[in-house]
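Note that this is a predicted model, so its numbers are computed, not measured. Start at 1 and go down the list; that is how both ligands and their atoms are numbered.
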Amino acid sequence: MLTENKKVILLLLLFVALIGVISCSKEDPPVEKSELQKRIDEYNQSDKGLKDYYTPDEYFYMGVAIPSSFVDNTAKVNLMKRHFNSITAENDMKWSSLQPVEGTFNYVNADKIVSFAEANEMKIRGHCLCWHNQVPSWVFRDGDATASKELVLQRLRTHITTVMTHFKGKVYAWDVVNEAIDDGSSVYRSSQWYNICGEDFILEAFRAAREADPDAKLFYNDYTAIDATKSTKIYNLLVKLKAEDLVDGIGLQGHWTVSYPADNLITNAFNKYVSLGIELQITELDVSVYTSGSEAEKDYTTAVAQQQTAAYERYFLAFRNFKENVTGVTFWGVADDHTWLDNFPVAGRKNYPLLFDENLNPKQAYFEIIDF
Ligand code: G3I
């Protein structure tokens, strides 16, 4: 016969076992997937990309700027092939890369990007032929002296003619001159180009470009090109270039933030440029999660994501509203794992300015701009 104690212990054991069975059977309720995760699951089941939602005939080319090393990175290649039909070299087509020493041209990295683009039927934007940055000092030197205007202009013509001839029929559009307009009270930036040659370097650059490849579309490219004052200075320059039929479009870089620029600034500037009958391209789009250089580093929280998503939606609504005039939108980078904004304006401050996160997954902003 079971003693009382043994009965109690048995009952206890049965009770514990019962509890165990009940708790095991009660599956943890499935974790409710976030809306974003559900969209990402759908995205992973599809092969549709940005260039399918924004086709060039109805909207504009979808572009991306890359270093040549990216064409050897399978994950990045797959993402680029899915979403983009236009490529820009982030640095490999700049003067310091192509002609580091006078008369010696090095196209290795640039040609790598061109071959990748051609193999994947992507357009190629050339960036950039004449800029105050990433240009070797020899361009402005004549021995120990500063080179004369004639010598500098001759070197400019030689560089443009040689480079455009090399990429003729491959590069469909060039940023001929980049960032020549002053941000302050002057009209032109006091660069070595301007200080030695005056505004003639701009006109000479476009004349050489038009002559070197008459089929290429020629752009003047700048940042803050939507600013009321700066856009007027750019407009006046474009009028001068148009007078000689030397320019086909304005490249608005688009290094914007979650709060700048306001819609009216974009609309007013776009209308100003459209009135000249030229193309508009957004050539270096990224949307910084910081609005100033004094902001401390922050994580990419849901709140930050929502702020950025709202900004991207505003910007793409503006691009769609001007779809008759905007012929290309290029992102200045593929994903948040590689962006110049991690070191500008604050060195080492992590930024998240693009549509794909550091793991190349689409962010909320991506899904927002494809829903229209
Ligand atoms: O190639 C050298 C490498 O040999 C050296 O080891 C390394 C060490 O610092 O520097 C490398 O050069 C860097 C170059 O990018 C290539 O990675 C330069 O330091 C660095 O300053 C340069 O930054 C580029 C910047 O233009 C130069 O002004 C950025 O990647 C590029 O995104 C940025 O792009 C510009 C556009 O052309 C024009 N509009 C603004 C935009 C952002 O600044």
Does this structure show an ion pair linking Glu295 with Arg349, if we count only N-O contacts that are shorter than 4.0 Å? no

Ionic contact status for Arg210 with Asp245, cut-off 4.0 Å: yes

CD-CG distance between Gln308 and Leu354, expressed to the nearest 0.5 angstrom: 8.0 Å

Amino acids in close contact with ligand 1, where any non-hydrogen atom sits under 4.0 angstrom away: Glu90, Asn91, Lys94, His127, Trp131, Asn133, Gln134, Asn178, Glu179, Gln253, His255, Glu284, Trp332, Trp340

Exam field: side chain Asp357 to backbone Leu360, donor-acceptor pair closer than 3.5 Å: yes

Does a salt bridge link Glu313 with Arg320, judged by any charged N lying under 4.0 Å from a carboxylate O? yes

Taking the six-membered ring for Trp, are Phe319 and Phe60 parallel (under 30°), tilted (30 to 60°) or perpendicular (over 60°)? perpendicular

